[in-house]
Structures are given as structure tokens and as C-alpha cells.
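Worksheet: one structure, shown below.
Being a predicted model, the structure only gives us computed values, none of them experimental. Order of the sequence lines sets the chain letters (A, B, ...), proteins ahead of strands, with each chain counted from 1.
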Amino acid sequence: MPELPEVETVARGLRAVLPGRRIVDVRLGKTDFMDNPAEIGSRVPGSLVRAVRRHGKFLVLDLEHDGARPGKELLVVHLGMTGQLRVVPADAEIAPHTHAFFSLDDSRELRFRDPRRFGRMLVAAPAEEEKILGPLGADPTEVGEEEFGRRITSRRARIKALLLDQTVFRGMGNIYTDESLWRAKIHPARLGANLKPAEVARLYRAVRSILAEAIRLGGSSISDFVGSNGEPGEFQIRHRAYDREGKKCSRCGTKIRRMIVAGRSSYFCPHCQRAPRSTRKA
DNA sequence: CGTTGAACCTGTTTGC
DNA sequence: TGCAAACAGGTTCAAC
């Protein structure tokens, strides 16, 4: 669920409360989704949170130790499918599947909850950042139109696969990919290299406007997404394609269809988004 | 290069 | 009603 707008929502929420706070204690539950749980337990306590950043779907907390053993650390978190990061009073009830507790110096706690444990968490030295986040592609909210087009038209993979590929663009997931393709009137099975300039231009505008609006509305809450303050997002009410199989396209009235593209459920309007010859009929 | 399917794990929805 | 299958915002890896 957490795609770029949801992770951005969490990042903004954490940014409002964490910088300047000290993490005084760390307690861990299940740790099978952590790269180095023992290191998290030993290297995070005592650190000061300097900044909160988002890189694609990754969240990065810049930590700094002062005193006896000064140094910087990065706490890297990926929310996977069902991950949540929330700041709550230290005595708040513990929700099921809460696997990490970071006690703060203001009687509150940063908690990580993840029922499916598809998330990821690790602590790393700043020098390791490039190795971890370097492979990620361009941020779709910052990329220029020219580079956006180049990354698409230079490839013969399906546009859906390209938008989902985190080494092409970082942050898009199944929801925003379908919403963007619907708005741009492009079928998910089209090949990147076959998109015409006008289509690339439409897609560029669609991606950027969809992501911007989703961020503005705090992301999409399909079943359980909440921001760091526990508030759900509201963009799901604006969905025009995702999870709308059988419902009418809001542009033309044709029923939205679902098909598997790039291994993922893909929702599209068969009238507005014409299929390429390769997949037509069947 | 590009595609497909399975795996990771738990919870919810759907179908018979 | 009840149980099993299908499905879910993500990523990664093997096989073709």
C-alpha cells in the first residue's frame, strides 16, 4: 500500500516531531525483516534524530551520536505492503504486529508495525547510503520531462513494468501506476519504446499531477494505511481505475477491466486505453 | 533484455 | 454456515 504519496505522508508527519528528539531506548519484537537487528539495538539508542528523508519508498532517519562516541548513523525503513510508522504516547496500547519500539526523550514512542513483515529495516553508516539507495531511479516528482521520456522510450518493456521498476523511477506502485495510465489514456501493456511523444507528454503530466494530488490528500487508505499520526489518507476516493473493476469509467462510461500485466492486477478502461495489437482480442 | 511464477507472511474477501 | 481459494499497497530470485 505504501507508495510514494503514502511514504511522503509518513515522512512529513515524522519530520514534524522527530528532528531534535533523542532516541533513548530501542525494543524489538520479531526481527526477521531486519537486515541487522542486533546492530539496530546497539547503534540506535542514545542518538539524536537530525532529519527525516524519503527516497522513493524508503524512509531515512539521519541519526547523530554526541558525547563519548560521536558519529552518524542512518536508520533505513521500507514499509513493504503493510508497514506503519507512528509516534504515540509511550503508554499507548500496543497494536498487534508491532515489532519495533523507539522510545523518545519526550515520553513518546516511534513504533513500527507490520502484519505481513514485508517491510525492511536496517541501520547503516552514512558511507553505505550509496550502496543501499544508489540503484534507485529518478524521483517522478522531480524528474524533468526529457529524462522521463528517455527512461521510457529507451526500453521495450511494458509501460506498466517500467513505472513499477524502482530502478527506472523510484516510488511508483500499483495504485499510482494504474491511476496515471488511466489519466494519460495509455494501456498498461504498451511498450515503452512504442509510446508516441504526445503520449509520453501526457503520461509525464499525469504522473506528476496524480502524485501531487495524492500527497496533498495524505495518500490512499485502501485497508489499513495511516500516517505517522494515525490519520488515514483520502486519495482513495479519487481513484478512477485502481480496484474499480466493473465500475464505469468516469470519462466514457465503459466498464473498467482488470488484467494481469507485469505480474500485477492492472485496472484500465478498455475504451480510453486502447490495447496494443499484441494483446488485442484474445 | 524482458517475462513469468514463486517465495516471503498474515489477514481479509470471495466463491462454492 | 463453513471452509478453501483468491487476493492484497512490495521486492527478489530463479528459470526460460
Side-chain angles (χ1 to χ4, degrees), chain A residues 1-11 29-35 54-59 76-85 95-100 112-122 131-137 140 151-181 188-195 210-211 214-215 217-227 232-239 241-246 258-267 276 278-279:
Chain A
M1 148 235 309
E3 304 180 29
L4 189 155
E6 289 75 34
V7 180
E8 177 65 23
T9 297
V10 172
K30 290 189 176 178
T31 59
D32 56 350
F33 60 93
M34 302 178 186
D35 289 38
R54 175 188 64 75
H55 211 252
K57 298 174 190 171
F58 284 90
L59 285 161
V76 180
V77 180
H78 193 294
L79 301 177
M81 290 273 260
T82 54
Q84 299 179 350
L85 268 179
H97 306 294
T98 302
H99 307 302
F112 181 78
R113 169 171 188 259
D114 185 2
R116 291 178 75 176
R117 305 202 303 285
F118 282 179
R120 187 180 171 195
M121 184 180 294
L122 68 148
K131 180 185 61 187
I132 301 165
L133 303 176
L136 296 178
R151 284 173 177 267
I152 286 171
T153 57
S154 64
R155 302 283 300 274
R156 298 201 55 77
R158 294 176 174 160
I159 185 60
K160 169 98 178 185
L162 292 174
L163 293 178
L164 288 174
D165 186 338
Q166 301 299 298
T167 69
V168 176
F169 299 108
R170 60 177 122 109
M172 307 269 294
N174 210 29
I175 294 177
Y176 298 102
T177 278
D178 280 4
E179 292 300 309
S180 298
L181 290 171
R190 293 279 302 283
L191 302 189
N194 289 350
L195 294 192
I210 294 268
L211 293 177
I215 290 170
L217 293 181
S220 299
S221 290
I222 298 303
S223 68
D224 56 11
F225 169 74
V226 293
E234 298 181 333
F235 190 73
Q236 66 280 3
I237 65 178
R238 306 273 182 107
H239 290 180
Y242 182 80
D243 202 23
R244 292 180 54 78
E245 182 179 23
R258 178 176 88 107
M259 72 181 289
I260 302 299
V261 179
R264 309 292 298 279
S265 274
S266 301
Y267 302 87
S278 54
T279 29

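Per the geometry, CD belonging to A/E3 stands 9 Å off C1' belonging to C/dG10, to the nearest Å. The CZ atom of A/R170 sits 17 Å away from the P atom of C/dG10 (whole-angstrom rounding). The distance between atom CG of A/L79 and atom C1' of C/dT11, rounded to the nearest whole Å, is 13 Å. The separation between A/F118 atom CZ and C/dC7 atom P is 16 Å, rounded to whole Å. Atom-to-atom, CZ of A/F33 to C1' of C/dT12 comes out at 18 Å; the value is rounded to the nearest Å. One atom, CG of A/D224, and another, C1' of C/dG10, lie 13 Å apart when rounded to the nearest Å. In this structure, the CZ atom of A/F225 is 15 Å from the C1' atom of C/dG10, given to the nearest Å. Distance A/Q84 CD to C/dA8 P: 20 Å, rounded to the nearest Å.
For the pairing with A/P5, the side chain to side chain contact (heavy atoms under 4.5 Å, CB included) check across A/I215, A/I175, A/I210, A/L217 returns one residue only, A/I215.
Nucleic acid contact class of A/R156 (heavy atoms, under 4.0 Å, all strands): sugar-phosphate only. Using a 4.0 Å heavy-atom distance criterion, A/G263 is classed as making no nucleic acid contact. No contact: A/K160 has no heavy atom under 4.0 Å from any strand.
Checking A/L162 against A/P115, the closest nucleotide of DNA chain B that is more toward the 5' end is the one next to A/L162. Checking A/I260 against A/F58, the closest nucleotide of DNA chain C that is more toward the 5' end is the one next to A/I260.
Bracketed by its first and final contacts, the part of DNA chain B lying under 4.0 Å from non-hydrogen atoms of chain A reaches from B/dG2 to B/dG11 in 5' to 3' order.
Only the P atoms considered, B/dC1 is 24 Å distant from C/dG10, to the nearest whole Å. Distance noted for atom C1' between C/dT1 and B/dT10: 24 Å (whole Å). B/dC9 and C/dC3 have their P atoms separated by 25 Å, with the value rounded to a whole Å.
Applying the 4.0 Å criterion to OP1 and OP2 of C/dC7, one finds that A/R116 has every side-chain N and O outside that range. Proximity of A/T82 to the phosphate of C/dG10: no side-chain N or O atom is located under 4.0 Å from OP1 or OP2. Between A/Y242 and C/dA8, a side-chain N or O to OP1/OP2 separation shorter than 4.0 Å is absent. A sub-4.0 Å separation between OP1 or OP2 of C/dT11 and a side-chain N or O of A/H78 is present. For the pair A/R264 and C/dA8, the criterion of a side-chain N or O lying under 4.0 Å from OP1 or OP2 is not met.
In this structure, A/Y242 has its ring center no closer than 6.0 Å to that of A/F235. The six-membered or imidazole ring of A/F33 lies near that of A/F112, with a centre-to-centre distance under 6.0 Å.
In this structure, a donor-acceptor pair under 3.5 Å is present between the side chains of A/S266 and A/K160. With hydrogens and angles left out, the side-chain atoms of A/T82 and A/R116 include no donor and acceptor closer than 3.5 Å. For the residue pair A/S220/A/H239, the side-chain donor-acceptor check at 3.5 Å is satisfied.
Of all heavy-atom pairs between A/G137 and A/R170, the closest is O-NE, 2.7 Å.
The closest side-chain heavy-atom distance from A/L211 to A/P140 is below 4.5 Å.
A 3.5 Å limit on both hydrogen-bonding distances identifies C/dA5 as the Watson-Crick or G-U partner of B/dT13.
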